[in-house]
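One-based numbering, in listed order, for ligands and for the atoms of each.
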Amino acid sequence: MAIIHTQSALPKPNHNLSGNASLDTWVSQVAALTKPRKIQWVNGGPEGLAALNGLLVRQGTFIPLNPQLRPNSFLARTDPADVARVESRTFICSELETDAGPTNNWQKPAAMRSSLHELFDGSMRGRTMYVVPFAMGPLGSPITRLGVEITDSPYVAASMHIMTRVSHSVVDQIASGAEWVPAVHSVGAPLRTDEADVTWPCNPAKVTVAHFPETKEIWSFGSGYGGNSLLGKKAMALRIGSALGRKQGWLAEHMLLVKVTNPKGKAFHIAAAFPSACGKTNLAMLKPSIPGWKVETLGDDIVWMAPGNDGRLWALNPENGLFGVAPGTNARTNSTAMDSLATGVIFTNVALTDDGDVWWEDLTPEPPAHLIDWRGQDWTPATGTPAAHPNSRFCFPMANVTSVAEEWDSPTGVPLDAILFGGRRATNVPLVVEARSWNHGVFMGATISSEQTAAAEGTVGQLRRDPFAMLPFCGYNMADYFAHWLSFAERLTNPPQIFQVNWFRKSSNGKFLWPGFAENSRVIEWITNRLISVAVGKETPIGLVPAKGELNLKGIDVSESDLAELFDLNEQAWLQELASMGEFFDSFDAKLPSELRKELELTESLFAV
Ligand code: OXD
Ligand code: MN
């Protein structure tokens, strides 16, 4: 292998080369900078994954779970300082600050390149550098995009086998000239030859997750966890993906995707954007409580969408696996997830039971009498701290999902009938509202707000605007992103209908007004009934809500007064809500598309009627 010594700047990949040589040159350049002990290409497949799992067990990062209870499954415990996405250290490095926009951390590419050069210089010493060629989307689909992740973490290499399609044929396609995204990851913990390794090497003080949308590169340093390090997911499929989508006329979205079939056998495809840890995985695996309905899973976190020749919006989940939040998942909230977790799962930061299985908060009504908690300490119910970290995760392939739709792997994707936007809102936002128009729907997406969860660092419970649930994931100026969404009114002759939902509204005495989970199928029923004009709805200043009797409440205990509170629109509170939306819009200055301000003013004027 040729070693090319880099000078002060980071190696720049050359996307125009068509031979394997371009890839080899890039790999050699990264190796020359990071100075690993060894380079290993991984080719995917069950054997590739098994070899990495075996290594992770030998080095103590993976604890094999009891094969009788949870075959071929493992538990990893991170460093307690490396447990979530680090938004404050995530950067969009476009040449102009205005191209990153006010919602992103921006750094000039040259400045970031020079900090990265310092961070990555020798950062893989003593470690193996894995080269992971991967596809986001089914191989051979026109929507699919390719990437190659270099990482010094075998945990990341193993997880990439689950979350993406790792395959040598990616290398062949790159050799034939296909576009690809280079992604470099290091845990940032070089090892001296005489130094014993830790089970979760990382460098939390120096975490840096940098994206270069103009050259389509990703560099991530210091964290081995989730979206910080599995670079096909948030970094490529959303941040770089959204920037590519803007240029190429498609959309990269933080959404789940399902196929819903009504009792008459009519199928609908629905995508839904909710902020992190707000129930996307639960909705993606919904088991309807109402008779005759079926929901099948196409994806739980990311959807790529492009206009088809038929004027419809076609949608595809580019991921190959799920990286879901464990706490709160149980037989009542998501029995499909529980069934899908039977085998071949990587768990991170959950608790270990005495019989070698896993546990997390709310998995069972009563906790076990004894556990080993996510920090590796003895735990009993008296301990007083969570046994599983609130952002502990399970990672398993889509193929495990017992409710998977057969189209999940289809290279064409599926035509979208509806898009839902939602958040976690105790007040103001009704259970379901339909947008008046495409632009009104974009306004709904642009003004999503939600109470912060444990998926990222920050104060849990604090309300934040999270437009399109993309606040941490949009790779360019959010105002340009709004404009890109608005442009689909012209690009689609038969667009999906847009709705807003909120499962989390509370009564004045603090209790949830809606039972949620399987009962959300009742809201899906109304939405699909609107799509076929079986339901007519009722106009309000913020959109169309179910008319009296249209929401199916048979067999559940939601009183008339709860129902009234679920849809209550307090004018004073809404005028304040709209004022706060206006302030949020102000942060985009002149770049804010005027259509959104018009929707805001229209809503205000409808309250005044
Ligand atoms: C995720 C997230 O991991 O949104 O999906 O944080
Ligand atoms: Mn997510």
(message) Please confirm whether the ring centroid of F91 lies under 6.0 Å from the ring centroid of W106.
(response) no
(message) Check this for me: does any side-chain nitrogen of one of R165 and D409 sit under 4.0 Å from a carboxylate oxygen of the other?
(response) yes
(request) Assess K280 for proximity to ligand 1: is some non-hydrogen atom of it under 4.0 Å away? (result) no
(request) Only counting residues at least two apart or in another chain, list the ones meeting side chain to side chain contact (heavy atoms under 4.5 Å, CB included) with S450. (result) P275, C278, R424
(message) Quick check: closest heavy atoms across K216 and P182, and the distance to 0.1 Å?
(response) O-CD, 3.2 Å
(message) Using the rule ring pair (Phe, Tyr, Trp, His ring centres under 6.0 Å), only one of F443, W250, F468 pairs with W485; which is it?
(response) F468
(request) Number the atoms of ligand 1 from 1 as they appear, then name those within less than 4.0 Å of a heavy atom of H254, with their elements. (result) 4 (O)
(message) Using a plain distance cutoff, I'd like to know if K233 has any nitrogen or oxygen under 3.5 Å from a nitrogen or oxygen of ligand 1.
(response) no
(request) Using a 4.5 Å cut-off on heavy atoms from C-beta on, say whether the side chain of L341 contacts that of F347. (result) yes
(request) Provide the number and element of each atom of ligand 1 under 4.0 Å from a heavy atom of F473. (result) 4 (O)
(request) Would you indicate whether Q248, at its atom CD, is surrounded by more than 12 heavy atoms from other residues, nucleotides or ligands within a distance under 6.0 Å? (result) yes
(request) Using a strict cut-off of 4.0 Å, indicate which atoms of ligand 1 neighbour a heavy atom of D301. (result) 5 (O)
(request) Run the numbers for me: atoms of ligand 1, each under 4.0 Å from some heavy atom of S276, listed by number. (result) 2 (C), 4 (O), 6 (O)
(message) Would you say that M285 contacts L322 through its side chain, given a criterion of any heavy-atom pair below 4.5 Å between the two side chains?
(response) yes
(message) Below the 2.8 Å mark, what number of protein N, O or S atoms do you get around the Mn ion (ligand 2)?
(response) 3
(request) Using the six-membered ring wherever Trp is involved, compare the ring planes of F394 and W360 and label them parallel, tilted or perpendicular (cut-offs 30° and 60°). (result) tilted
(message) Just so I know, are the side chains of K234 and R239 near enough to count as touching, which here means a heavy-atom distance under 4.5 Å?
(response) yes
(message) List ligand 1 atoms under 4.0 Å from K234, heavy atoms only on the residue side.
(response) 1 (C), 2 (C), 3 (O), 4 (O), 5 (O)
(message) Counting only heavy atoms closer than 4.0 Å, does ligand 1 sit against the backbone of Y225, its side chain, both, or neither?
(response) neither
